[in-house]
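Single-structure report; data block below.
Worth saying up front: this structure is predicted, and the values here are computed from it rather than measured. Below, each value reflects all heavy atoms present in this structure, side chains not excepted, and no hydrogens, waters or symmetry copies.
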Number of protein chains: 2
Amino acid sequence: MLIAAVAVADRVGIDGMTMRTLSQDLGVVPMALYKHVANKEDLLDGMVDIVWSEVAAPAQGPDWRSEMRRRSVSLRQALGRHRWANGLMEGRMRPGPANLAAHNAMLGCLRSAGFSFSTAVHTTSALDAYIYGFALQERGLGFETAEESGAVARQKRDLQPPAAMELYPYLIEMVVEMSRGGYDFTVEFETGLDLLLDGVERLRPEWATAGR
Amino acid sequence: MLIAAVAVADRVGIDGMTMRTLSQDLGVVPMALYKHVANKEDLLDGMVDIVWSEVAAPAQGPDWRSEMRRRSVSLRQALGRHRWANGLMEGRMRPGPANLAAHNAMLGCLRSAGFSFSTAVHTTSALDAYIYGFALQERGLGFETAEESGAVARQKRDLQPPAAMELYPYLIEMVVEMSRGGYDFTVEFETGLDLLLDGVERLRPEWATAGR
DNA sequence: CTTGACAAGTGTACGTCATACACCTACCGT
DNA sequence: ACGGTAGGTGTATGACGTACACTTGTCAAG
């Protein structure tokens, strides 16, 4: 049932995934769902944990950097498959087992690679912030492929009221550039990710002595 | 009226801010609101633009780094004042004037500091992703001050089912650490922010030649 | 001073949402 | 044969966004 709920949300968005549409999808009456979940919040908890279960856990060991990279890419992909999950991942008050396991694996990878406690927390925090935020923007921009981004930008450019040209010159420049070149989210994501990982690597010894 | 809506949302959350509660707050009947906004989506658009208007615009000039830092801190603060705004900031299909101005100022600061077009986009993307994502986590963790975080962590620690101890050792360690030390979001935020800005600074020349 | 247009507020009503509560039914181990 | 239980049903309630028709206060043009 959780699987079905995820599928419905993937298909019609989180607002379209109502107890009614979900029950219809399952061929039962809405109230039947309440034999399996306490309420909708509980249902969302379960759905979020399914998303967590799709995220590759970083393995412990010395090669923390490539493990972090792998996990980050995997998390972004999961958030891309389930766009509705973005705002729900971190706010759960009752984290499911996959959620707990994912966070445990994250900290475990870093700590076992020699990170101090506080360095590991800093790193987790910064990386996850970047990934969530990136996925948020990705969802918000309203296109997915580079070609699509060009089309959207061209469309926007042609719709501009002429006053905008003087008011927001840099924005216009961006729209014009985008309308020709396009924008690849994956390249963009990995660029920022590597930048962040570089920063972690470089600052690690300093933090390691500062933290306990 | 938009101001009142923002105030209500700040007070009772975005779910509590219904057309009914807002109208009650204003001392009118719900339908009266529709003389000022087309629908609720339109209302949200206006509210988001108010949040944007509270974000300090970076000035153009050579000192892009401190301007970026100032704007980033300001954006995080605005998101902290209006926790409901987090998921709504980037997804607007009809961005308001303050929104456009904010993005224009962002790009303008970088480009006028000598960033290539694509470097400016990379930087904007990475910084905003970090800020949104950080604010998202901040909202999700359920406490605000360092002392509060200690209390929450202590509480969590005492509620753990014993099986969790072996399953999630690193998570337990974190909860235990937190229950004594606490966690300062502002320090955490600025640490990651500076890390990111360092990365931008270091990679800038390389990107500048790569981009067009 | 009247008029009439327009901005703002009102009242009622509808369809959709989550969900409480009482009821039914098929299957299982005893 | 029987009683418990997991799962499904039917009806109802209150909150939500908002469509539609109506009233009122204000103010410029005649």
- Between A:Val29 and A:Arg20, which is nearer to the 5' end of DNA chain D once each is assigned its nearest nucleotide? A:Val29
- Query: Can you check the B:Asp15 CG to C:dA18 P distance for me, whole Å?
  - Reply: 13 Å
- Query: In whole Å, what is the span from the NZ atom of B:Lys40 to the P atom of C:dT16?
  - Reply: 19 Å
- Task: Show your reasoning for whether ring-ring contact (aromatic ring centres under 6.0 Å, His included) applies to A:Tyr130 and B:Tyr130.
- Result: CA-CA 4 Å; A:Tyr130 174 69; B:Tyr130 174 69; 8.5 Å; no
- A:Glu41 atom CD is separated from C:dT19 atom C1', nearest whole Å, by 14 Å
- Query: Which whole-number value in Å describes the distance from B:Tyr34 OH to C:dG11 P?
  - Reply: 17 Å
- Item | Phosphate OP1/OP2 of C:dG9 contacted by B:Lys35 side-chain N/O (<4.0 Å) | no
- Message: Taking B:Pro95's backbone N and O only, do any of them form a donor-acceptor pair with B:Asn99's side chain (distance below 3.5 Å, no angle check)?
- Response: no
- Message: Using heavy-atom distances to pick each residue's nearest nucleotide on DNA chain C, tell me which of A:Met31 and A:Met19 is more 5'.
- Response: A:Met19
- Item | Spacing of A:Leu22 atom CG relative to C:dT19 atom P, expressed in whole Å | 13 Å
- Reckon A:His36 has a side-chain N or O less than 4.0 Å from the OP1 or OP2 of D:dG8? yes
- A:Gln24 has an atom CD; how far is it from atom C1' of C:dT16, in whole Å? 13 Å
- Examine distances only and state if a side-chain atom of A:Arg70 and a backbone atom of A:Ala57 form a donor-acceptor pair shorter than 3.5 Å. yes
- Message: Quick test of your reading of the model: are A:Lys40 and A:Asp45 salt-bridged, counting only N-O distances below 4.0 Å?
- Response: no
- B:Val28 vs A:Thr21, nearer the 5' end of DNA chain C by closest nucleotide: B:Val28
- Round to the nearest Å and state the distance from A:Leu33 atom CG to C:dA18 atom P. 10 Å
